[in-house]
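Numbering of residues begins at 1 and proceeds along the displayed sequence. For ligands, and for the atoms within them, numbers begin at 1 and follow the listed sequence. As the structure is a prediction and not an experimental result, all values here were calculated from the model.
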Amino acid sequence: MKINKNKNFIYKIINKDLKNKKYTKIHTRFPPEPNGFLHIGHAKSIYLNFKIAKIYNGKCNLRFDDTNPDNESKIYVKSIQKDIKWMGYKWNKKIFYVSQYFKKLYKYAKILIKKKLAYIDKLSKKEVKKYRGTLTQKGKNSPYRNQSVETNLKLFKDMKNGKFKDGDICLRAKIDMNSSNIVMRDPVLYRIKKNLHYRTKNKWYIYPTYDFSHCISDSIEKITHSLCSLEFLNNNQLYQWILKNLNIKNHAKQYEFSRLNLEYTTLSKRKLKVLIQKKIISGWKDPRMPTISGLRIRGYTPQSIKNFCKKIGVSKKNHLIEFSLLEHCIRDHLNNIAYRFMAIINPLKIIITNLPKEHNQKIIVNNHPIYKNMGTHEIYFNKTIYIDKNDFKEIANKKYRRLTMNQEVRLRHAYIIKVKNIEKDSLGNIKKIYCTYDQNTLNKNPSDRKIKGVIHWVSKKNAILAKFRIFKHIFSIKNPDSQKNYLKYINHKSIIIKNGFIEKSLINHIKQKYFQFEREGYFIIDKKETFKNKKITFNKTISLKGKKH
Ligand code: ATP
Ligand code: MG
């Protein structure tokens, strides 16, 4: 068996377990609830669980934790599978569902009742909460705690058969209302839910809680290391209690690691759902979302996400991870794989006066500055071209390195141009600029003067119309989760749409997917938007290094 030298504490535990022959095979699981799309926080868990399986030549199950029919749906089951596959992971055999264990779980619950370790409580939800106490105040026993086994079994059966309404009664473990661990103060094991379950339909009116179902599902699937986020730390004791009292042998142990928190967003599915419901964003796949689907449509690659997960590591300390780390990871990957083209996002027309109308000079340029095997494409230099409005200033100071009335500039891959005069409309807006070009400067600098800047351009004949969608963070503050009213901090200008041009020859490389528009940033085609707009539409993934969004 290969022993991994990785330093994170989970690997250390696994290494030790293997050395001590506690296990011979390592088996993990990723247990999403199908109540939303996966996000980058889930990616951390996926990366950890699937990577462990891979490194140790073990297995990782995909198990849908579908014990709450209120919010779960097939749509999420599908999207979760798609996202895990996209990240490049394969789960063990078939997919597992907690709902496939409902019958078994029901039997186990009856065993606990018979052992006087569980009872039906008729207290209301509010009362259960009140009786539970607080960190400083002990709990109080429910008056139903010592009901007979027969009564409990009968009520549990009635509960199962739908004789009660949601919230009327519940099944609780009988542990210790004085425990210093609040989780152990008679936790709820089963509750009534009358909504239709997306898989079992109306077969069940009662559903096991996470605490009750998770440990048993882990043992049924012979999971060896059950890894979850830190908020379940106090539930660990209950995990062990249930398995011990059900005499379930060879069971897994739960280990907790810190949840990922990322700047300028929230990784709570509930809060993300609110953003969708309030139409602040278009849905789970919106490129501004921290979801795996959102990131995919934004232009992130599986490798960049995995690299991010590797860099953040696994620990027991909660941090707010800098968004710039995620950006660094995608930039780093795209720098190697993105095809370089030119695009004009804020077009400004330039007329080259010393070129005849029919002039159309072909220039061959590399698709990548280093990797020549990525090939070349053609651009065309002629009389009418577009540059970006931001690359021209009528009056500018000496630091300005782009085109001004008295400063020449190089057109990338082509010639040096110089302004002759400007044409403005009646409102004083610049309509077009007339320039001359220096025909001796194709890819070579003049000997008599220094040229400060290079700008990108696209010639009119070689341009096709394109739409660009540029994104900002959804939230205006770094840690919206720290605020009670996180909705107060929505950035309502988180999407900017621009109409401009791209080089025609990009169409021949459309299969490449990831593009760098020189000096602008990395972009990806948004297929859905392209279809909707009837115009090729790009999502901006990320700006180039050192540039703001
Ligand atoms: P909710 O957002 O409703 O609290 P959840 O985020 O726990 O739910 P699940 O579908 O239950 O969502 O999560 C599946 C797995 O992913 C769990 O093991 C959970 O610990 C892990 N996970 C969820 N969010 C994060 C996160 N931000 N960082 C690391 N792991 C996470
Ligand atoms: Mg959960």
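- Applying side-chain hydrogen bond (donor to acceptor under 3.5 Å, both in side chains) to Glu221 and the options Arg29, Arg63, Lys59 leaves one that passes, Arg63.
- Residue contact check for ligand 1: Tyr210 places no non-hydrogen atom closer than 4.0 Å to it.
- Contact atoms of ligand 1 toward His42: 6 (O), 9 (P), 10 (O), 12 (O), 13 (O), 14 (C), 16 (O), 22 (N), 23 (C) (distance under 4.0 Å to a heavy atom of the residue).
- Of the polar atoms of Ser268, none of the N or O atoms is found under 3.5 Å from an N or O of ligand 1, judged by distance alone.
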- request: Applying salt bridge (charged side-chain N to carboxylate O under 4.0 Å, His left out), run through Glu529 and Lys467 and close with a yes or a no.
  value: CA-CA 9 Å; Glu529 287 290 319; Lys467 224 182 231 313; over 6 Å; no
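- Considering backbone and side-chain N/O of Gly41, one or more are found under 3.5 Å from N/O of ligand 1.
- Of the heavy atoms in His39, only side-chain atoms (C-beta onward) come closer than 4.0 Å to ligand 1.
- Counting the atoms of ligand 1 from 1 in the order shown, those under 4.0 Å from a heavy atom of Phe30 are 15 (C), 16 (O).
- Shown are Phe257, Tyr210, Tyr255, Tyr239; of these, the ring pair (Phe, Tyr, Trp, His ring centres under 6.0 Å) with Phe232 is made only by Tyr210.
- Aromatic pair Phe538/Phe517: centroids less than 6.0 angstrom apart.
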task: Check the pair Ile280 / Val274 against side-chain contact (heavy atoms from CB on, under 4.5 Å), numbers first and verdict last.
output: CA-CA 9 Å; Ile280 292 164; Val274 172; over 6 Å; no
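- Taking all heavy atoms of Lys44, Arg259, Lys269 into account, the minimum distance to atom 7 (O) of ligand 1 is reached by Arg259.
- Using a 4.0 Å cut-off to heavy atoms of Glu33, the atoms of ligand 1 that qualify are 9 (P), 10 (O), 11 (O).
- Taking only nitrogen or oxygen atoms, main chain and side chain alike, Arg29 does not reach within less than 3.5 Å of ligand 1.
- Between the side chains of Thr28 and His225, not a single donor N or O lies within less than 3.5 Å of an accepting N or O.
- A side-chain donor-acceptor contact under 3.5 Å links Gln100 to the backbone of Tyr97.
- For ligand 1, none of its N or O atoms has an N or O atom of Asn35 under 3.5 Å away.
- If you number the atoms of ligand 1 from 1 as listed, the ones under 4.0 Å from a heavy atom of Ser229 come out as 19 (C), 20 (O).
- At least one N or O atom of Leu260 sits closer than 3.5 Å to an N or O atom of ligand 1.
- Residue Pro31 approaches ligand 1 through these ligand atoms, each under 4.0 Å from one of its heavy atoms: 14 (C), 18 (O).
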